[in-house]
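These notes concern the structure reproduced below.
All values below were derived from every heavy atom in this structure, side-chain atoms included, with hydrogens, water molecules and symmetry-related copies excluded. In what follows, every chain begins at residue 1, and chains take the letters A, B, ... in the order their sequences are listed.
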Number of protein chains: 2
Amino acid sequence: MNIKEVARLARVSTATVSRTINGSEKVTPETAERVRRAIEELRFFPNTNARALGSGRSSLYGLIISDITNPFFPELVKSFEDIAVQYGQEVLVANTDYDAARMEICVSRMLQRKVDGVAIMTSEMDERLVDEFSSRGIPLVFLDTGILQKGISNIVVDYPAGIDAAVAHLTGLGHTSISFITGPMRLASARSRRRAFIESLERNGIPMEDSLIEEGDHRMEGGHHAMKRLLEHKHRPTAILASNDMSAIGAMGAISELGLSVPVDISVIGFDNIAISAYTQPALSTVSLPRKEIARQAFRALYDTYQSPAPPAGSEYTIAPTLIIRKSTGPAPALRR
Amino acid sequence: MNIKEVARLARVSTATVSRTINGSEKVTPETAERVRRAIEELRFFPNTNARALGSGRSSLYGLIISDITNPFFPELVKSFEDIAVQYGQEVLVANTDYDAARMEICVSRMLQRKVDGVAIMTSEMDERLVDEFSSRGIPLVFLDTGILQKGISNIVVDYPAGIDAAVAHLTGLGHTSISFITGPMRLASARSRRRAFIESLERNGIPMEDSLIEEGDHRMEGGHHAMKRLLEHKHRPTAILASNDMSAIGAMGAISELGLSVPVDISVIGFDNIAISAYTQPALSTVSLPRKEIARQAFRALYDTYQSPAPPAGSEYTIAPTLIIRKSTGPAPALRR
DNA sequence: CTGTTAGCGCGTTCAC
DNA sequence: GTGAACGCGCTAACAG
């Protein structure tokens with residue numbers, strides 16, 4: 001089943017079939033209708049591979065994420081796809097599993113499929129791989145990674161603002177001993193969040209100590225372990241800020257396992273605002289990272305770059321996270337007496 | 001950049017380049033090495049589209065799911081992809097969002113990309129669409145949907161066994177008033193679970209009443225609402241079985257919102273065993289639906305069918321869920337005095 | 001407005 | 001073992 005058979009049945013040339021499929025203006029409504037009926041009758045579906053080959057554009061955008069198992073990402077994927085579909089494009093999703101070797105595979109998949117652009121929502125990516133794309137003129141957009149070259153856009157999350165809001169909320173509740181559970185330190189985004197935390201402490205006049213910080217892995221398990229270590233310190237913190245919601249959820253588990261209560265004994269704040277955080281017990285206070293907006297900006301950055309005849313130098317968008325207060329934060333224990 | 005340039009640099013024909021790429025035996029190790037170096041030097045990546053066009057096989061499998069936002073699915077997607085990669089295949093994921101119109105779009109995407117097979121992990125799919133695939137000889141595998149034709153395989157989950165284990169666990173704890181939160185009734189899988197529940201009640205000698213069952217939507221929100229309705233009944237149930245973990249999590253939220261406690265006042269059991277269920281407060285007892293096994297069976301069904309010259313009639317695999325007891329279930333309140 | 005035709009990049013016969 | 005040549009299904013440029 002191919003365009004030729006459709007052409008024969010509709011008594012036109014293959015070019016005309018192609019034109020009607022692609023919505024070209026220069027086809028008489030009547031012939032277009034005849035073609036459409038033929039397509040219908042034969043239940044014909046144009047071969048995407050042939051299309052891409054012929055036209056030189058795949059109408060495919062790559063989306064690289066690090067862990068599809070972290071609810072943050074499916075929500076991002078969904079938003080990205082929704083927008084892409086609106087623009088008649090498709091999405092190829094690939095996860096790196098936080099692994100450099102898999103990242104390499106992801107990149108080669110993208111290259112082989114001749115994607116029209118790639119959104120890299122994992123912060124780790126070595127320059128050699130970036131080059132593979134930019135040397136081929138493939139637009140790129142990063143989340144949080146500060147590279148700015150021709151054809152490379154960047155989405156910058158204002159971590160300081162988000163973390164500051166969280167810290168201010170806690171200090172306002174009387175907390176002076178605030179700990180932080182980081183993500184994996186090899187991730188730039190995790191390092192950014194950590195840095196924002198340290199700086200925020202300073203701004204709030206709270207002395208920073210290394211013992212305040214424990215490393216997690218952006219998963220529940222890592223948050224759980226980090227929290228356990230934190231609870232072993234002589235001076236138990238009264239509040240925890242986690243680098244993402246998954247870590248916070250793991251931390252809350254550890255807290256209640258030790259017979260302590262959130263928020264009575266310890267307050268917890270997450271980061272991301274994944275859907276499930278509204279349903280934890282207690283509901284998690286968190287800093288919201290708006291996925292829809294990130295997805296929209298990322299897609300537009302790629303789309304605009306690819307469309308424009310002279311690719312712009314690469315643009316930068318800023319995302320402002322916002323604090324969402326739920327039930328996992330409360331007054332510092334000392335104030336409760 | 002194409003195979004021709006590689007051929008020129010390696011001083012061979014394009015055919016030889018093609019052969020070495022595809023690991024053909026009949027290439028002298030020396031020439032193969034030369035070709036490989038040329039590929040490396042030019043950073044050449046074979047064009048997937050051209051490959052698929054020429055060879056007639058896309059090495060692509062479709063995976064249709066209903067809601068990527070439900071953690072059950074990402075875990076399934078991941079397992080499926082891992083296996084596919086092992087076999088040198090790729091995966092095209094599409095979600096229907098429980099929507100018939102989107103299902104239609106998913107199907108046409110699959111058809112246009114000329115996938116070598118499709119795993120349909122959504123239970124709803126009308127026969128006309130099934131026909132689009134089978135008339136083209138594309139292998140299909142369903143989860144839970146009992147169609148058995150040439151080239152169509154089926155993965156059957158033994159719901160009765162899983163639900164029975166859960167109900168037995170509850171009756172063993174003294175519960176006699178057990179409610180059920182269903183999934184959306186238009187889903188076959190949700191209906192299967194509901195039926196299994198009703199039959200299990202009978203087997204356990206518990207009278208079935210309509211007021212015992214409330215409909216959710218397989219999301220937290222639906223579980224939340226369903227639970228609220230359940231709590232308004234005069235005879236409050238002492239135990240809840242939910243059609244999936246997301247519903248159970250929503251239900252637990254509703255319970256604690258009303259000042260009740262799990263498992264002291266009400267026991268809750270979920271279904272699926274998504275990763276997060278181990279980290280809820282209290283940790284959720286649930287019936288585990290092994291994603292890895294489902295993914296493996298699904299992939300093998302497609303792969304074997306596609307490989308074999310004479311497609312088998314379609315096979316059937318059974319998956320046995322297992323009960324996992326955590327902290328959300330306890331003795332019925334009456335027994336506590 | 002429509003038809004003809006030459007590729008797109010690769011796999012795959014065939015000869016050699 | 002290797003090369004030349006055709007075809008996969010479609011788009012795009014050019015005629016008409």
- Is Arg136(B) salt-bridged to Glu132(B), going by a charged N under 4.0 Å from an acidic O? yes

- Message: Assess, by modelled atom type and distance only, whether the side chains of Ser135(A) and Arg43(B) contain a donor and an acceptor separated by less than 3.5 Å.
- Response: yes

- Item | With Leu9(B) via side chain to side chain contact (heavy atoms under 4.5 Å, CB included) - residues at least two apart | Ala38(B), Glu41(B), Leu42(B)

- Query: Minimum heavy-atom separation for Pro46(A) to Arg51(A), with atom names?
  - Reply: CG-NH2, 3.8 Å

- Mind jotting down which residue pairs meet the ring-ring contact (aromatic ring centres under 6.0 Å, His included) criterion with at least one end in residues 76-102 of chain B? Sequence neighbours excluded, please. Phe80(B)-Phe299(B), Tyr87(B)-Phe299(B), Tyr87(B)-Tyr303(B)

- Note on the structure: Sorted by chain and residue number, the salt bridge (charged side-chain N to carboxylate O under 4.0 Å, His left out) partners of Glu81(B) (sequence neighbours excluded) come out as none

- Take atom CD of Glu25(A) and atom P of dC1(C), then tell me their distance rounded to the nearest Å. 9 Å

- Charged N to carboxylate O under 4.0 angstrom, Glu30(A) versus Arg34(A)? no

- Ile138(A)/Met110(A) under side chain to side chain contact (heavy atoms under 4.5 Å, CB included): CA gap, chis, key distance, verdict: CA-CA 10 Å; Ile138(A) 300 173; Met110(A) 302 286 158; over 6 Å; no

- Query: Hey, does the side chain of Thr31(A) come within less than 4.0 Å of dC1(C)'s phosphate (OP1/OP2), counting only N and O?
  - Reply: no

- Minimum heavy-atom distance between Met103(B) and Leu129(B), given as atom pair plus value: CG-CD1, 3.8 Å

- Along DNA chain D, first and last positions that approach a heavy atom of chain A under 4.0 Å: dG9(D) to dA13(D)

- Using a cut-off of 4.0 Å between protein heavy atoms and nucleotide atoms, how would you tag nucleotides 4-16 of chain C 5' to 3' with B, S and -? B---BBSBBB---

- Note: Asp97(B)-Lys78(A) ion pair, threshold 4.0 Å (strictly below): yes

- Query: When the C1' atoms of the five terminal pairs at each end define the local axes, what inter-axis angle does the helix from dC1(C)-dG16(D) to dC16(C)-dG1(D) show, to 10 degrees?
  - Reply: 30°

